[in-house]
Amino acid sequence: MNIESKRLYKSRTNRMLSGVCGGIAEYLNLDPTVVRLLCAILGCSGTGIIIYIVAAIVMPEAPSDNYDM
C-alpha cells in the first residue's frame with residue numbers, strides 16, 4: 001500500500017506576495033483567486049493579516065524538483 005503524503009508548501013509558480021495563498025490553493029485543489037479573496041476578507045478583521053504573516057514565516061518553500069523549470 002503506497003500512501004503519498006501530501007505536504008503544504010508555499011507555491012513557487014503561483015504567487016503574488018510570498019506564495020502562501022497559492023500553496024494553500026494547490027494543497028486544497030482550489031482556484032487561487034478564491035483563496036486570495038478569502039484571505040483578503042479575513043485580512044479586514046486584522047486576524048487574517050497576522051495568520052498570513054505567520055504562515056509566510058512557517059510554511060516551507062516548495063521543493064524545486066516538483067516543477068519544470
In Å, rounded to the nearest 0.5 Å, how long is the span from [atom1] of [X] to [atom2] of [Y]?
X   : Y   : atom1 : atom2 : value
E26 : K6  : CD    : NZ    : 10.0 Å
L42 : L37 : CG    : CG    : 11.0 Å
S11 : M59 : OG    : CE    : 9.0 Å

Quiz prompt | Closest contact, heavy atoms only, V35 versus C21 | solution = CG1-O, 3.6 Å
Self-check item: Residues in side-chain contact (heavy atoms from CB on, under 4.5 Å) contact with I49, at least two apart in sequence or another chain
Solution: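 side-chain contact (heavy atoms from CB on, under 4.5 Å) check on I49 returns I53.
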Quiz item: Are Y27 and L17 co-members of a hydrophobic cluster defined by side-chain heavy atoms under 4.5 Å apart?
Solution: yes
Quiz item: Can you name the residues that form a side-chain hydrogen bond (donor to acceptor under 3.5 Å, both in side chains) with R15, not counting sequence neighbours?
Solution: E61
Quiz prompt | Side-chain cluster (under 4.5 Å, hydrophobic types only) that M16 belongs to, other residues | solution = none
Quiz item: Apart from I51 itself, what residues make up its hydrophobic cluster when side-chain heavy atoms of I, L, V, M, F, W and Y under 4.5 Å apart count as a link, directly or indirectly?
Solution: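 I51 shares its hydrophobic cluster with no other residue.
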Quiz item: Restricting to pairs with a member in residues 32-55, which pass side chain to side chain donor-acceptor pair (under 3.5 Å), not counting sequence neighbours?
Solution: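 Counting only pairs at least two positions apart or across chains, the side chain to side chain donor-acceptor pair (under 3.5 Å) contacts touching residues 32-55 are N14-R36, S18-Y52.
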Self-check item: From L8, L38, L30, residue fulfilling side-chain contact (heavy atoms from CB on, under 4.5 Å) relative to I24
Solution: L8
